[in-house]
Undergrad: 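Here it is: the structure, laid out below.
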Amino acid sequence: MLINITGFLNVVSLASDYVEADLLSIEQNHVKRVAIIVNRLAAAAGMDEDTVYAMTQAGVLHDCALAEYIHDELSDETAEPLLVVSAECIDGHREVNMADHCIAGERMVSKLPFYDIIRGAVLHHHDRANGSGALGKTAAETPLCGQLMHIADRVDAAFDLSRMDRQKHADIVTWLRSQSDIMFSEECCRLFIDNVDYELLCSAAEPHCVATLDELLPDRIVDIPTAAIRELSTIFADITDYKSRFTSRHSIGIAEKAARMGAYYGYSAEMRDKLYIAGALHDIGKLLISNDILEKPGRLTDDEYQEITNHAIGTWMLLKDIEGLDEICRWASLHHEKLDGSGYPFGYSSKDLGKEERLLACLDIYQALTEDRPYKNAMPHDNAVALMRGMGKRGKLDEDIIDDIADCFAIAEQS
Ligand SMILES: [Fe+2]
Ligand SMILES: [Fe+2]
Ligand SMILES: [Fe+2]
Ligand SMILES: [Fe+2]
């Protein structure tokens with residue numbers, strides 16, 4: 001499908017920020033700063049224009065699988081404790097824990113059309129020149145694109161490049177000299193010191209970071225297989241589900257059920273993938289809502305309820321300007337609309353709501369009812385359908401679609 005990849009990457013960047021701030025205490029815009037620095041390094045290394053552009057995109061994507069990794073890590077009680085990135089542990093060995101998100105991230109970017117020219121950039125972004133990094137590969141065994149991603153990533157993690165001053169720049173240069181052939185190859189240290197100058201670092205710091213990256217990554221419409229976007233959309237489902245720990249399978253559950261309904265209706269693979277993507281993205285606006293409210297135990301005040309409902313318009317705001325995602329944006333953002341006009345964010349009614357919007361609205365409720373939450377057990381399929389039929393009778397949901405869900409997932413339960 002034709003999509004504005006830059007708009008899509010902006011949403012990846014927002015989602016990555018959320019996970020990195022929460023888990024790794026890294027300042028906002030880490031992936032953007034890495035992208036800006038790696039852009040300079042790739043150009044300085046003599047890479048051609050397309051490769052430099054692709055490396056910049058890979059910079060935004062390099063930590064895209066962190067949430068998937070977190071999910072696996074949290075569910076594996078035998079796993080090592082999570083890494084906390086800081087200058088103190090930069091020489092520690094706990095970084096080996098980072099291998100999983102490197103492997104998962106590489107798998108995601110491998111779906112993109114520009115993958116061939118940046119192969120290894122994400123896979124090796126925690127590998128060290130002396131072989132003591134995440135995958136144990138030395139500089140000689142690591143493609144240059146992976147080494148460049150690593151040095152950009154580590155310098156930001158260790159020095160917090162969101163704020164820059166002359167002293168910090170001098171400290172970085174001193175530190176890089178001390179790390180030659182230890183963390184980074186001599187070539188990478190030299191490339192960084194000679195080309196990532198103080199001015200470039202200032203342009204990557206706040207408040208200029210967003211504008212700088214916008215210049216380096218102008219809008220570009222590219223043709224990406226819908227199946228690849230589907231794969232990448234799991235990034236958003238994982239991160240949204242990670243944020244809402246009460247509903248930790250909600251987005252991915254809706255994505256899977258939406259695709260399943262597409263199969264039930266006999267839709268094409270393209271259409272099934274689009275439904276999956278809409279399901280994966282539908283609650284991404286929750287990334288804009290405070291967890292204090294999202295996970296508040298007990299009754300919400302009117303203002304808090306209003307704040308939670310804002311997640312639907314949040315999804316709309318995040319997706320609406322991404323060329324190529326127009327349809328998916330509608331299906332995803334309108335999942336709280338009701339046929340009688342009593343829903344949100346826009347109060348649309350039956351005349352405005354197509355089949356896919358209605359389907360996502362029904363699936364959101366079906367998934368919520370049939371999933372376990374800390375304060376309630378999953379409702380059995382038949383009870384959930386009965387409750388939804390009541391909503392259908394009251395003019396809220398599409399009764400035909402409820403029948404289809406009843407049929408499709410009854411079959412699914414039996415199989
Ligand atoms: Fe990473
Ligand atoms: Fe990173
Ligand atoms: Fe929602
Ligand atoms: Fe939802």
Side-chain angles (χ1 to χ4, degrees), residues 12-13 15-17 19-21 23-38 58-67 69 83-86 90 95 98 101-102 105 121-127 133-134 146 148-162 236-237 240-241 243-244 246-258 278-289 294 305 307-316 318 331-338 343-345 357 359-371 373:
V12 172
S13 152
S16 296
D17 271 354
V19 178
E20 304 198 284
L23 181 76
L24 305 178
S25 306
I26 294 183
E27 285 297 317
Q28 227 188 357
N29 288 333
H30 164 70
V31 298
K32 287 194 163 91
R33 289 190 294 277
V34 169
I36 292 167
I37 293 168
V38 105
V60 177
L61 284 162
H62 80 278
D63 276 335
C64 69
L66 261 180
Y69 161 72
L83 174 96
V84 178
V85 177
S86 67
I90 203 125
E95 201 178 339
M98 301 306 260
H101 85 281
C102 297
V122 173
L123 182 64
H124 295 293
H125 83 269
H126 285 287
D127 268 316
L148 298 182
M149 198 67 75
H150 178 228
I151 196 168
D153 180 74
R154 285 302 84 191
V155 173
D156 186 58
F159 288 91
D160 178 12
L161 302 181
S162 67
F236 305 116
T240 313
D241 288 344
K243 178 172 166 72
S244 309
F246 280 9
T247 57
S248 63
R249 290 269 313 155
H250 179 76
S251 294
I252 207 79
I254 292 189
E256 286 165 359
K257 287 186 173 68
L281 286 166
H282 83 286
D283 271 341
I284 192 164
K286 284 186 177 170
L287 296 184
L288 308 174
I289 313 280
L294 278 181
Y305 178 75
E307 175 72 10
I308 284 195
T309 64
N310 282 341
H311 79 273
I313 191 102
T315 298
W316 175 266
L318 288 172
W331 305 346
S333 313
L334 302 181
H335 67 276
H336 288 293
E337 298 287 3
K338 299 285 184 291
Y344 58 89
E357 287 96 297
L359 174 61
L360 264 291
C362 289
L363 285 175
D364 188 51
I365 293 172
Y366 180 75
Q367 176 68 27
L369 293 172
T370 55
E371 68 196 4
R373 296 195 176 179

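In this text, all values refer to a predicted model and were calculated from it rather than measured experimentally. Both counts, for ligands and for their atoms, begin at 1 and track the order of listing.
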Undergrad: Looking at His126, His101, His125, His150, which hits ring pair (Phe, Tyr, Trp, His ring centres under 6.0 Å) with His62?
TA: His125
Undergrad: Can you list, by chain and residue number, the protein N, O or S atoms under 2.8 Å from the Fe ion (ligand 2)?
TA: His30 NE2, His62 NE2, Asp63 OD2, Asp153 OD1
Undergrad: For Glu371, check side chain to side chain donor-acceptor pair (under 3.5 Å) against everything at least two apart and list the hits.
TA: His250, Gln367, Arg373
Undergrad: Are side-chain N/O atoms of Lys32 and Ser13 paired as donor and acceptor at under 3.5 Å?
TA: yes
Undergrad: Between Thr315 and His282, is there a donor-acceptor pair closer than 3.5 Å when you use the side chain of the first and the backbone of the second?
TA: yes
Undergrad: With rounding to the nearest 0.5 angstrom, report the CG to CG distance, Leu334 to Asp364.
TA: 12.0 Å
Undergrad: Report the protein N/O/S neighbours of the Fe ion (ligand 3) that fall below 2.8 Å; do not count waters.
TA: Asp283 OD1, His311 NE2, His335 NE2, His336 NE2
Undergrad: To the closest 0.5 Å, what do you measure between CG (Asp283) and CD1 (Ile254)?
TA: 6.5 Å
Undergrad: With a 3.5 Å distance limit and no angle check, can you tell me whether His335 reaches the backbone of Leu360 through a side-chain donor-acceptor pair?
TA: no
Undergrad: Listed by chain and number, what are the side-chain contact (heavy atoms from CB on, under 4.5 Å) partners of Glu307, not counting sequence neighbours?
TA: Ile289, Ile293, Asn310
Undergrad: Has Arg33 got a side-chain atom pairing as donor or acceptor with Gln28's backbone, closer than 3.5 angstrom?
TA: yes
